[in-house]
Amino acid sequence: MVRIAAALILSLALAACQSEDAPVSRAEVMQNAGDNRIAKALFGAVPRPSSQSPAALGGYSQGCQAGAMELPETGPTWQAMRLSRNRNWAQPVTVDYIQNLSRFAATLPGWNGIYVGDLSQPRGGPMLTGHASHQTGLDADIWMLPATRMDLSRGERESLSSISMRRANGAFVNSDWTPQHEALIRAAASDPRTARIFVFPGAKVAMCNNATGDRAWLNKVRPWYGHHYHFHVRLNCPRGDATCVDQAPPPPGDGCAEAQEWVNNIISPPPPTPRDPSAAPVTPRGELTMARLPGQCLAVLNAD
């Protein structure tokens, strides 16, 4: 039992893009004890949401979602991209958030809305490819490519690519970065439903340098690996959803010094830290099994 608990704690610490995630409690995780089926194979095969009341179950990188809502493929100010992935499902609060943000984007010069990348699978859970998070219907990727055409065909949504905003391996923004990108991310971060926004370090530093007036929104913008073709929005658990596990809030302050440190380390990488020969070897995280998801996720998987 001690070994199992230790493995669970280690797996949470190593998950990509969720270093600050709040862990699912041990009691919830152990509800499916003994079910060693690979969760991504099960959740990735379900084409439709469950006919349950909406709920985000567990944590962003160790959970699932009940009663998901589909973000319509096309709206007046948004386009869902990569439809073949069937990842345009989320909790109702997320769908509403995206639609609101898209309407703001349509007011920006050169933008008619937003192109929306991955949300979650119909029942959430771990994905067959890509993200370690996006499991509870509260994460959304917004493309950096300004959305000019709002009538893309399904084929165009598969072939069109976003554009990178980074220069010098993410230490700086490039010439495609505009005040409109900053305004869009500021609006996204200023929504009280937002927990975090992940973006490459150079973008955070650029926004820190340009921000005037109220800088409180910068606290939610967090530097993270990649995230130069899109920015990643993560919402707080919906009010009253007792099954959802929030992560700890960001540290106080605007986070600009931390972002600058990321940039400094990109420009002048510090020497590698020698490994302590007495340290215990790191156990690979391994695949998420049903036993490591909240117990309610089995009911979600089996629901109509």
Side-chain angles (χ1 to χ4, degrees), residues 11-12 15-18 21-25 28-29 31-32 35 37-73 80 82-83 85-101 116-142 191 193-196 198 232-247 287-304:
S11 71
L12 289 165
C17 199
Q18 64 271 1
D21 279 4
V24 178
S25 73
E28 286 177 315
V29 173
Q31 285 181 32
N32 294 326
D35 189 344
R37 293 177 296 169
I38 303 301
K40 69 179 183 181
L42 301 174
F43 282 95
V46 182
R48 305 294 300 174
S50 67
S51 56
Q52 298 168 298
S53 298
L57 300 158
Y60 301 97
S61 57
Q62 196 169 350
C64 61
Q65 65 168 333
M69 175 182 290
E70 183 179 22
L71 174 70
E73 296 175 3
R82 302 292 190 267
L83 298 175
R85 296 180 179 179
N86 197 28
R87 294 177 179 177
N88 57 318
W89 300 88
Q91 290 296 287
V93 64
T94 310
V95 173
D96 180 69
Y97 176 98
I98 290 168
Q99 293 172 341
N100 287 346
L101 184 64
V116 183
D118 288 349
L119 304 182
S120 297
Q121 298 176 138
R123 304 192 187 196
M127 296 182 177
L128 289 170
T129 59
H131 315 280
S133 58
H134 289 252
Q135 294 191 25
T136 58
L138 298 174
D139 293 283
D141 290 342
I142 310 299
D191 191 306
R193 295 172 291 186
T194 302
R196 277 170 172 71
F198 298 104
H232 175 169
V233 176
R234 173 167 293 168
L235 301 187
N236 294 304
C237 288
R239 182 175 297 178
D241 189 343
T243 61
C244 182
V245 180
D246 259 320
Q247 61 190 111
E287 299 281 8
L288 271 177
T289 63
M290 290 300 298
R292 292 164 60 189
L293 295 184
Q296 303 96 322
C297 289
L298 183 60
V300 170
L301 193 62
N302 294 333
D304 293 336

- [ ] Name all residues meeting the salt bridge (charged side-chain N to carboxylate O under 4.0 Å, His left out) criterion together with Arg123; count only those two or more places apart in sequence or in a different chain, and write none if there are none.
- [x] none

TODO: Before giving the answer on side chain to side chain contact (heavy atoms under 4.5 Å, CB included), spell out for Asp139 and His131 the whole-Å C-alpha distance, their side-chain angles and the decisive distance to 0.1 Å.
DONE: CA-CA 10 Å; Asp139 293 283; His131 315 280; over 6 Å; no

Task: Residue pair Ala303 / Ser50: nearest heavy atoms and the distance that separates them - done: CB-CB, 3.9 Å

- [ ] Would you mind reporting whether Leu101 and Asp191 have side-chain heavy atoms less than 4.5 Å apart?
- [x] no

Task: Side-chain heavy atoms of Met69 within contact of Leu119, under 4.5 Å - done: no

Task: Heavy-atom pair of closest approach, residues Pro47 and Pro122 - done: O-CG, 3.5 Å

Task: Partners meeting salt bridge (charged side-chain N to carboxylate O under 4.0 Å, His left out) with Asp141 (sequence neighbours left out) - done: none

Open item on the list: Using only atom types and a distance under 3.5 Å, with no angle test, would you say the side chain of Ser133 pairs donor to acceptor with the backbone of Tyr60?
Closed with: no

Task: Residue list, side chain to side chain donor-acceptor pair (under 3.5 Å) with Arg48, at least two apart or on another chain - done: none

Task: Partners meeting salt bridge (charged side-chain N to carboxylate O under 4.0 Å, His left out) with Arg82 (sequence neighbours left out) - done: none

Open item on the list: Holding to side chain to side chain donor-acceptor pair (under 3.5 Å), I want the full list of residues that pass it with Asn86, two or more places apart in sequence or in another chain.
Closed with: Trp89

Task: Exam field: side chain Ser120 to backbone His134, donor-acceptor pair closer than 3.5 Å - done: yes

Open item on the list: For the CZ atom of Arg37 and the CG atom of Leu42, what is their distance to the nearest 0.5 Å?
Closed with: 5.0 Å

Task: All salt bridge (charged side-chain N to carboxylate O under 4.0 Å, His left out) counterparts of Asp118, not counting sequence neighbours - done: Arg85, Arg87

Open item on the list: Just so I know, are the side chains of Gln65 and Phe43 near enough to count as touching, which here means a heavy-atom distance under 4.5 Å?
Closed with: no

TODO: Indicate the atoms forming the closest heavy-atom contact of Leu293 with Gly63, along with that distance.
DONE: CD2-N, 3.7 Å

Task: Nearest atoms (heavy-atom pairs only) where Asn88 meets Ala80 - done: CB-CB, 4.3 Å

- [ ] Would you check if Val46 and Gln121 make a side-chain contact, meaning some heavy-atom pair closer than 4.5 Å?
- [x] no

TODO: May I ask you to test the Gln247-Arg234 pair for a side-chain heavy-atom distance under 4.5 Å?
DONE: yes

TODO: Output the distance between atom CG (Asp35) and atom SG (Cys297), rounded to the nearest 0.5 Å.
DONE: 11.0 Å

Task: Backbone of Ser51 reached by a side-chain donor or acceptor of Asp304 within 3.5 Å - done: no

Open item on the list: Taking the side chain as everything from C-beta on, heavy atoms only, tell me whether Arg193 gets closer than 4.5 Å to Asp96.
Closed with: yes

Open item on the list: Restricting to non-hydrogen atoms, name the atom on Gln91 and the atom on Thr136 that form the minimum distance, rounded to 0.1 Å.
Closed with: CG-O, 3.5 Å

Task: Heavy-atom closest contact (Gln62 atom, Pro294 atom, distance) - done: O-CD, 3.4 Å

- [ ] Please examine the side chains of Pro126 and Gln135, heavy atoms only from C-beta on, and report whether any two atoms are closer than 4.5 Å.
- [x] yes

Open item on the list: Tell me whether Thr243 contacts the main-chain N or O of Ala56 through its side chain, where contact means a donor paired with an acceptor under 3.5 Å.
Closed with: yes

Open item on the list: Could you tell me if the side chain of Leu138 sits less than 4.5 Å from the side chain of Pro238, heavy atoms only?
Closed with: yes

- [ ] To the nearest 0.5 angstrom, please state how far the CE atom of Met290 sits from the CD1 atom of Ile38.
- [x] 11.0 Å

